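This is a predicted model, so every value here is computed, not measured. All chains are named by letter (A, B, ...) in the order of the sequence lines, taking the proteins before the strands, and each is independently numbered beginning at 1.
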There are 2 protein chains.
Amino acid sequence: MSAAKSEEPTLLEGIEPASVRALMAAGIECFADKGFNATTTRDISARAGFSPAAVYVHFPSKADLLFATSRLGHESALKVLEEAPGDEEDPAHRIELMVAAFAAWHARNNRLARVVQYEGRALPAKHRAEINTVKERFQRCIESELEAGIAAGQLTAPDVPGTALAILSLCIDVARWYSPSRDRSPEQVGALYSELMLRMVGATPA
Amino acid sequence: MSAAKSEEPTLLEGIEPASVRALMAAGIECFADKGFNATTTRDISARAGFSPAAVYVHFPSKADLLFATSRLGHESALKVLEEAPGDEEDPAHRIELMVAAFAAWHARNNRLARVVQYEGRALPAKHRAEINTVKERFQRCIESELEAGIAAGQLTAPDVPGTALAILSLCIDVARWYSPSRDRSPEQVGALYSELMLRMVGATPA
DNA sequence: GTCTATAACCAGATAGAC
DNA sequence: GTCTATCTGGTTATAGAC
């Protein structure tokens, strides 16, 4: 656990005050590295440059800090998925843009994405339920695009819910293996994955 | 955490003595449910039907119990991947069998698979290194099948290492979302995923 | 808002009886 | 080999000074 150089560049930008932003950035790094339960409040405070008690000035508990970061991550990922197609109308092109953006998000924000995907267990039931309502929207997002593409005769899928799940799953698992130093750029991952996805739904472009 | 009904049916069969088998089964359930760090040695012992100190009779530490289960899982998954094609020689059919088996393994053994994929961080460096040597073989396995299929003119891929990684990733992420009560059977997951994979590499069968 | 100091608790691991 | 009892260290969270 070295110094706190790598703050999440864009996602935390709007968070105020700066001490909360620093604590959230530190929490993301620590939770991604070691998991929620192996991270101590001292780890987080130290990485953010504060004394051991600092977490409790801004959050009621360590779990509330996790909730804040987890919600931020879910909302950001959902926003990316929903806004990716813009005003594009062609169904195959829409889903191509969505997958490229969603996969790239999981690469670019892979630390936060790991927290989002793998640390949800540690949330208290009430907070986990709130997070789960967001999760359901991801699946519906992809399914409706697939259905539109199939209706338009552009795509084929052996099983729409299963294929939608597989597409999401493929993008989400980027968070598990992606390493910014070792792998392709987030944009390259997005480009490769959207191409593989198009092949998967029978819409090979070139 | 309810009673210890659901032992891993086949994988732990050969483990002796029975107390070690029970501890490993309990460890898999607990680690999969709550993660390594949130699981206490008391959780494991209680679930296996022993007193709080039982773990230490058979394992030097909680981390050694994790290592034993993690190694068992990696070896089992690798064996499934390597042995799936049998004496089949057609490259497209070989990779189809491999993906069907590997995806189904992650569904069937989804608790153990979660431990294998998400709890490796908690292993001490030496044990993690041993596990990583196994992990590398998965990627090579898929890559060489892709290359054979491309050489035979049966498959196409925009990027062999990237496509191999995506195929593995797709199968591995089954462990994250699969629930035996809610989802398709492991065999159905394998069938769907091998079909999606064949489309992805340009070998649509029907 | 941040610090130092500490309370209260809990978990990994061990000792020694049976 | 399993148990009960316990040691020891570390963790969350709080109190109260500055």
Side-chain angles (χ1 to χ4, degrees), chain A residues 1 3-4 12 15-70 115 119 121-128, chain B residues 1 3-4 12 15-70 115 119 121-128:
Chain A
M1 278 349 86
L12 292 169
I15 308 284
E16 293 292 343
S19 47
V20 169
R21 186 167 63 249
L23 287 166
M24 286 179 71
I28 291 166
E29 294 299 313
C30 291
F31 296 153
D33 276 354
K34 310 203 292 181
F36 176 78
N37 284 285
T39 297
T40 69
T41 55
R42 287 169 173 84
D43 290 336
I44 300 166
S45 299
R47 186 181 269 263
F50 293 109
S51 78
V55 167
Y56 298 96
V57 175
H58 296 286
F59 297 93
S61 73
K62 189 175 73 154
D64 284 277
L65 171 55
L66 173 65
F67 176 59
T69 60
S70 185
V115 178
E119 303 302 324
R121 281 187 301 217
L123 291 170
K126 185 191 158 174
H127 287 161
R128 198 163 53 236
Chain B
M1 281 345 91
L12 291 169
I15 309 284
E16 294 291 344
S19 46
V20 170
R21 186 166 63 249
L23 287 166
M24 287 179 70
I28 291 166
E29 295 299 312
C30 292
F31 297 153
D33 277 353
K34 310 204 291 182
F36 177 78
N37 284 286
T39 297
T40 70
T41 55
R42 288 167 176 82
D43 290 336
I44 300 165
S45 298
R47 186 182 270 264
F50 293 109
S51 77
V55 166
Y56 298 95
V57 175
H58 296 285
F59 298 92
S61 73
K62 189 174 75 153
D64 283 278
L65 170 55
L66 173 64
F67 177 59
T69 60
S70 185
V115 179
E119 303 303 323
R121 281 188 301 217
L123 291 169
K126 185 192 155 171
H127 286 161
R128 198 163 52 235

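Legend: residues meeting side chain to side chain donor-acceptor pair (under 3.5 Å) with His58(B), ordered by chain and number and at least two apart, are Ser19(B). Take Ala46(B) and apply the side-chain contact (heavy atoms from CB on, under 4.5 Å) test, not counting sequence neighbours, and it matches no residue. Arg128(A) pairs by the side chain to side chain donor-acceptor pair (under 3.5 Å) definition with nothing, not counting sequence neighbours. Residues satisfying the side chain to side chain donor-acceptor pair (under 3.5 Å) test with Thr40(B), not counting sequence neighbours, are Asp43(B). Annotation: side chain to side chain donor-acceptor pair (under 3.5 Å) contacts of Ser61(B) (sequence neighbours excluded): Asp64(B).
Taking every nucleotide of DNA chain C with any atom under 4.0 Å from a non-hydrogen atom of chain A, the first and last of them, 5' to 3', are dG1(C) to dT4(C).
A straight line from CG of Asn37(B) to P of dT12(D) spans 11 Å, rounded to a whole angstrom. Atom CZ in Arg42(B) sits about 14 Å away from atom P in dC7(D), given to the nearest Å. Here dA13(D) presents its P atom at 16 Å from NE2 of His58(A), a figure rounded to the nearest Å.
The existence of a salt bridge linking Lys62(B) and Glu119(B) is excluded, since no basic side-chain nitrogen approaches an acidic carboxylate oxygen closer than 4.0 Å.
Each of Gly49(A) and Lys62(B) lies near DNA chain C, and the nucleotide nearest Gly49(A) is the one positioned closer to the 5' end.
Nucleic acid contact for Ser45(B): none, since no nucleic acid atom lies under 4.0 Å from a heavy atom of the residue. If you check every strand for non-hydrogen atoms under 4.0 Å, Ser51(A) touches a base.
Between Tyr56(A) and dA13(D) there is a side-chain N or O to OP1 or OP2 distance below 4.0 Å.
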